[in-house]
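One structure is given below, encoded as structure tokens.
Basis for what follows: all heavy atoms, side chains included, without hydrogens, waters or symmetry-related copies. Order of the sequence lines fixes the chain letters, A, B, ..., with proteins taken first and strands second; residue numbering starts at 1 for each chain.
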Amino acid sequence: MHAPAPVGESAALLESLVERIDVGVFAVDRAGTLVLWNRFMAVHSGKSRADTLGKNLFALFPELPRRWLEKKLESVFVLGNNAFTLWELRPYLFRFPHHRPITGGLDAMRQNVTFLPLRTSGGEVTLVCGTVFDYTDTAMAQDRLHDAIAALSREKEAQGQLIVKLEAAQNQLLQSEKMASIGQLAAGIAHEINNPVGFVNSNLQTLKKYCQQMLGLIAAYQPAEARIDNPAMLAEISRIKQALDIEFLQEDLPALIKESEDGLFRIKKIVEDLKDFSHVNESDWQYADLNAGLDSTLNVVWNEVKYKATVDKNYGQLPAVECLAAQLNQVFMNLIINAVQAIDESRGMGTIALSTGHQDAWVWVEVKDSGQGMSEEVQKRIFEPFFTTKPVGKGTGLGMSVSYNIVQKHHGRIDLDSLPGAGTRFRIWLPVSQRAAAP
Amino acid sequence: MNVEIISDDQRDALQEIVNIGMGQAGASIARVLGEFVELSVPQISAVDADAIPVTLATLAGSGVASAVRQAFLGELRGEAIVIFTEHSASDLAELLSYGNEVDGPASRELLLDISNVLVGACLGGIAELLHAEIGFSAPSLLADQVAPGELVQAETIAARCALLVEVRFGLEKRVFRSHLVMLMPEDAVAALQRALDRFIEEI
């Protein structure tokens, strides 16, 4: 001590400091008897110096973890080093009421406690002094910080999910834009084909008439042949007839024309289907015949279907349905293509059943195949964007998710039944009128 | 580990002091824990900051490890790190009279308590032999059940190089293996050298 004050005064100052300092200070001897108990401890515990000094710590505070604390004190006595308790791991040593009875907060004061060895002049540790620091405010601030961090990370996670959704939506948008431009292209081509088909058709009709007339004329000449008495002319006619195989020609000519007519009819049909399918000029909601839509879609993809499956149609009577026809056709196409691709070619021709029906304010369109079916795992994920079971390059994994979204937009739903090895059935339910279905 | 921080004489003296200190520490730890403590011969080396994480990871071996750090202050300054490579929480809990349930916070507090005992005994003993006054900060958890490579992050190490004293601890009848590593930054080594020179003169 270098203090100028006399020893007695300095000791009194120190005692006053220990008494008034805003930290809990207490001390016990080896037997656990309290020899120091400052005002902080008295105020918070409700036990005065007189109540505590000379008494056993554990008798006064039976709620203390006795064996553990005795061991801790023992280690300070033996080693002569500090020991600690931290509020993060052990919220408190003494259960003191917290100092926010009005404004609220934690159930009890949070404490950091340091146990200090006190030595006598001989160097032996005779007392252990506990200093109790109030960490309640820190603990509360930390709790708030933890909450804020947790809220932030929740938000971040939600944002991450949103970003994934956004990406999926953008990809779907791209896909539908692609489909729209394919539709536009198809309609353009259809229009361009329509013109030459038109005049070829009208020329063919004229040609057919001319042929019939020419064949009539030849037939009329036939009996006159007997009256020709010029042998050279007769021989020439006979030679030409033979060379032409006139009888076959007379038979074949109408057949050729008929066949060409059929061909032209098919071209016209495909062109019409393409136009129907793309509905280029009909991006608005309107009432459409879904049976016709299903048929024209089937025609567009017929080339994919015809070698792999027979198609059974079982259409019911449908009212006109308020829809985006071009988009629904896209859904039908996805379903039909998937049905075809589900069929195992090595096991011969499969079957695709297209059915439609009507029930109250709803219509349904069903595509059922005799393909390989789907496992439950695949069924669960079938509408996820980018989920595909097809080989690389065959599928984008977007078809079903686009279809799902189109049906959602129509306030409809897709039912799915599938059995591995037996086939799959998709049934799309759509409300006849959007106003009735809109939430 | 080819950093030269202290002279050969100083190193020999340090080795001597650490050996004696650890022997005394072992006895006091045994008194506190009530069990016989196995101690290895302390290894002293100087390491570059870059090499500290690797050195600690090597000590930790394979499997998961936990680590507790505690600063020592005063004439000797640095940080002690206790690496727990293998321990049974319930075994140690018994030694320190924890209750039956050693849950998350209690299991961490247990590591801090064990570290405090080991660090206090060992470093306190060394300081006493060197007649140096030292104090200790409260221990704090550095890593809890992580891969050995993740005990300390290289980028968080402030010192350029450090003097490293390593001792292995074990308890005969318990599942418990740990390493105590005492790290002193280069600039704090001067005080150690003065204390060592004092010790050498006294012999």
At a heavy-atom separation under 4.5 Å, does [X] approach chain A through its side chain, its backbone, both, or neither?
X: B:Leu112; answer: side chain
X: B:Ser115; answer: neither
X: B:Glu128; answer: neither

Parallel, tilted or perpendicular for B:Phe84 and B:Phe176, by the 30°/60° rule? tilted
How are the rings of A:Phe133 and A:Tyr135 set to each other: parallel, tilted or perpendicular (split at 30° and 60°)? perpendicular
Among B:Gly120, B:Ala138, B:Ser28, which residue forms the greatest number of heavy-atom pairs with chain A at distances under 4.5 Å? B:Ala138
With a 3.5 Å cut-off and no angle check, do the side chains of [X] and [Y] form a donor-acceptor pair?
X: A:Asp134; Y: A:Thr136; value: yes
X: B:Asn19; Y: B:Gln15; value: yes
X: B:Ser140; Y: B:Arg69; value: yes

Choice from [options] maximising heavy atom contacts with chain B below 4.5 Å:
options: A:Leu86, A:Thr85, A:Leu89; result: A:Leu89
options: A:Arg90, A:Arg66, A:Glu88; result: A:Arg90
options: A:Asn112, A:Leu79, A:Asn82; result: A:Leu79

Taking the side chain as every heavy atom from C-beta outward, state whether A:Asp51 and A:Trp37 have any atom pair closer than 4.5 Å. no
